Amino acid sequence: LRKIVIVGASLAGLTAAEKLRELGYDDVLRLIGDEDLAPYDRPPLSKEILRGDWGIERTLLRTPDHYRDLAIDLQLKAGASALDLDRRLVTLQSGETVDYDALVIATGASPKRPAFLGGKKGIFYLRSAAESVALRQALSARPRIVVVGAGFIGMEVASAAREMGLDVTLVESQSYPLCRAIGPAFGSRFAEMLEAAGVKTRFGAGVERVQGRGSVEAVELSDGSRIDADLLLVSVGSAPNMEWLRSSGLQLNNGVICNEHCQAAENVYAVGDVASPFDKRLRSHCRSEHWTNAIEQAKIAAANILDEQQQTSFAVLPYVWSDQFSNKLQIVGSKKSDDAELIIHDKNPRRLAALYRSGNTISAVATLNWPAFLARGRAMLRENTVWHAAVEALTGNGSNGSLQV
Ligand SMILES: Cc1cc2nc3c(=O)[nH]c(=O)nc-3n(C[C@H](O)[C@H](O)[C@H](O)COP(=O)(O)OP(=O)(O)OC[C@H]3O[C@@H](n4cnc5c(N)ncnc54)[C@H](O)[C@@H]3O)c2cc1C
């Protein structure tokens, strides 16, 4: 291989580049991204940056020297617009074409922007550094905020804004927060946390309309009620960035479809939030939008590019964390919507855990301020421990939990 091109200069793209160098690849390595900033970390965008604890430069993942030292040819402000698999060419928006021997697709995801919300002043989304800085600035004018969507980002923004003493209402069409990641009993603890901190919550109601001439003045909910607001943070999920791949012939679904080796076509790999590799454990294609996943897939793709004989499969347990009101939520594994939920209490009231059951095994473990429990749960998940044995081992005798289905 003489030339490896990586499109998407963020966590997954950078990790792939570094792993290729670590494994001894010493030829041309281009890392191409459409943003202005060199690769930076996104988790602080809804945490330290919003709270004003950090300036944006602290999110940069590496110093400029690092790219020079590793001979990574970092090209910013360069969006890819097309891929030609037969000719092995990426076309950039500038019209420039870039040829490759191997390609890594690492273009991530973008927030869904429901068209009916329109483009009024005061509507915010959060994915990039620029959006985080703009939101932070807007919060300093002390607006009344409606957060739409109680996923990880919505919850973190609601928490940061409330910690700034702002008037915050969280609107979620499901009946409890974080419902894709955790179950109703564990989720209701997060609803209580929000309410105890003074966040107004509206579960089971969706935003139907935004009122205001030019700027946001209020939102109308599906139950007919109205909430006055100056700022709307919309966080209702994200979609993979694969417009530039539409005519490539790659299989695109919810993400770039890949095999278990993160390979999408001959010499083409996809990693991170844009990728949907086959997960042997779950026996399906899965797109994960978490930090650790992006790193693990990037490392696997780099290894597989360099060693065609010995392909490594992607079989990493999903992991995600989230920080809300000085609490740390951690989840390992993947819960399906109908998995049964067992809540485990501890003497320390700040701690809580939930175990999820799929068939006869545990499918996921979620903890609040309880990393030691999570570590034990992770070991059970790795070993595919049967449910009763896992409960026994994790709770001592299984008696201090309450099963909720
Ligand atoms: C606000 C926020 C908070 C988060 N907090 C957590 C957390 O607490 N815990 C956790 O586990 N995960 C968290 N995440 C998720 C985590 O940051 C992502 O999983 C991770 O960034 C994925 O990395 P990636 O490189 O695949 O994609 P991205 O980081 O999205 O990077 C993709 C890059 O490709 C660029 N790009 C897109 N299209 C093109 C194109 N056509 N040409 C060139 N470049 C292109 C994008 O602009 C971007 O720079 C958070 C995400 C956000 C947005």
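Since the structure is predicted, the reported quantities are computational estimates derived from the model, not experimental observations. Indexing begins at 1, ligand by ligand and atom by atom, following the structure's order.
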Selected option - heavy-atom contact closest to atom 43 (C) of ligand 1, from Asp34, Val271, Leu14: Asp34
Would you say the side chains of Trp291 and Asp41 form a donor-acceptor pair under 3.5 Å? yes
Is ligand 1 under 4.0 Å from a heavy atom in the side chain of Thr107, in the backbone, in both, or in neither? both
I need the nearest protein heavy-atom contact for atom 11 (O) of ligand 1: residue, atom name and distance, please. Trp291 N, 3.2 Å
Beyond-backbone contact of Leu14 with Tyr67, side-chain heavy atoms, under 4.5 angstrom: yes
For atom 22 (C) of ligand 1, what's the nearest protein heavy atom and its distance? Asp273 OD1, 3.2 Å
Are side-chain heavy atoms of Pro177 and Glu172 found at a separation under 4.5 Å? no
Tell me whether Arg189 is salt-bridged to Glu341, with the criterion being a basic N under 4.0 Å from an acidic carboxylate O. no
Is the cationic atom of Arg351 (NZ for Lys, CZ for Arg) positioned less than 6.0 Å from the six-membered ring centroid of Phe373 and within 45 degrees of its normal? no
Counting only heavy atoms not in Gln251, do more than 12 sit closer than 6.0 Å to its CD atom? no
At under 4.0 Å between heavy atoms, which part of Ile153 makes contact with ligand 1: side chain, backbone, both or neither? side chain
Given side chains that start at C-beta, do those of Leu306 and Leu20 come closer than 4.5 Å, heavy atoms only? yes
Here the atoms of ligand 1 under 4.0 Å from any heavy atom belonging to Gly79 are 42 (N), 43 (C)
From the options Glu48, Glu35, Glu289, Glu156, select the one residue that forms a salt bridge (Lys or Arg N to Asp or Glu O under 4.0 Å) with Arg42. Glu35
Does a sphere of radius 6.0 Å around CZ in Arg246 hold more than 12 heavy atoms from other residues, nucleotides or ligands, not counting ones at 6.0 Å or beyond? yes
May I ask you to test the Trp387-Leu355 pair for a side-chain heavy-atom distance under 4.5 Å? yes
Heavy atoms only: which of Ala109, Ser132, Pro43, Pro240 lies closest to atom 6 (C) of ligand 1? Pro43
Look at atom 30 (O) of ligand 1 and say which protein heavy atom is nearest, naming residue and atom and giving the distance to 0.1 Å. Arg127 NH2, 2.7 Å
Considering only protein heavy atoms, which is closest to atom 27 (O) of ligand 1, and at what distance to one decimal place? Gly108 CA, 3.3 Å
Which option out of Glu289, Gln93, Met242 puts a heavy atom nearest to atom 15 (C) of ligand 1? Glu289
Atom 9 (N) of ligand 1 has as its nearest protein heavy atom Trp321 O, 3.1 Å
Does ligand 1 have a heavy atom under 4.0 Å from the side chain of Ala12, from its backbone, from both, or from neither? both
Could you list the atoms of ligand 1 found under 4.0 angstrom from a heavy atom of Gly272? 26 (O)
Can you sort out which atoms of ligand 1 are near Ala294, meaning under 4.0 Å from one of its heavy atoms? 22 (C), 23 (O)
Would you kindly specify which portion of Val7 sits under 4.0 Å from ligand 1, judged on non-hydrogen atoms: side chain, backbone, both or neither? side chain
Per-atom contacts of ligand 1 with Ala106, taking only distances under 4.0 Å to non-hydrogen atoms: 32 (C), 33 (C), 34 (O)
Counting only heavy atoms, which portion of Lys47 has something under 4.0 Å from ligand 1: side chain, backbone, both, or neither? side chain
When you check the gap from the basic side-chain N to the acidic O, do Arg21 and Glu18 get nearer than 4.0 Å? no
Counting each atom of ligand 1 from 1 as listed, which ones have a heavy atom of Trp244 under 4.0 Å away? 41 (N)
Quick one: look up the protein heavy atom nearest atom 42 (N) of ligand 1 and list residue, atom name and how far away it is. Ala80 N, 2.8 Å
I need the contact type for Phe152 against ligand 1. Using non-hydrogen atoms and a strict under-4.0 Å cut-off, is it side chain, backbone, both or neither? neither
Under 3.5 Å, is there a donor on one side chain and an acceptor on the other for Arg202 and Ser225? yes
Residues Lys328, Asp323: salt bridge by 4.0 Å N-O rule: yes
Where does Glu35 meet ligand 1, judged by heavy-atom distances below 4.0 Å: at the side chain, the backbone, both, or neither? side chain
In terms of atom number and element, which parts of ligand 1 are under 4.0 angstrom from non-hydrogen atoms of Ala78? 43 (C)
Between Ser313 and Glu260, a side-chain donor and acceptor under 3.5 Å: yes
Can you tell me which residue and heavy atom of the protein come closest to atom 17 (O) of ligand 1, and the distance to 0.1 Å? Arg42 CB, 3.4 Å
Nearest protein heavy atom to atom 31 (O) of ligand 1, by residue and atom, and its distance? Ser10 CB, 2.9 Å
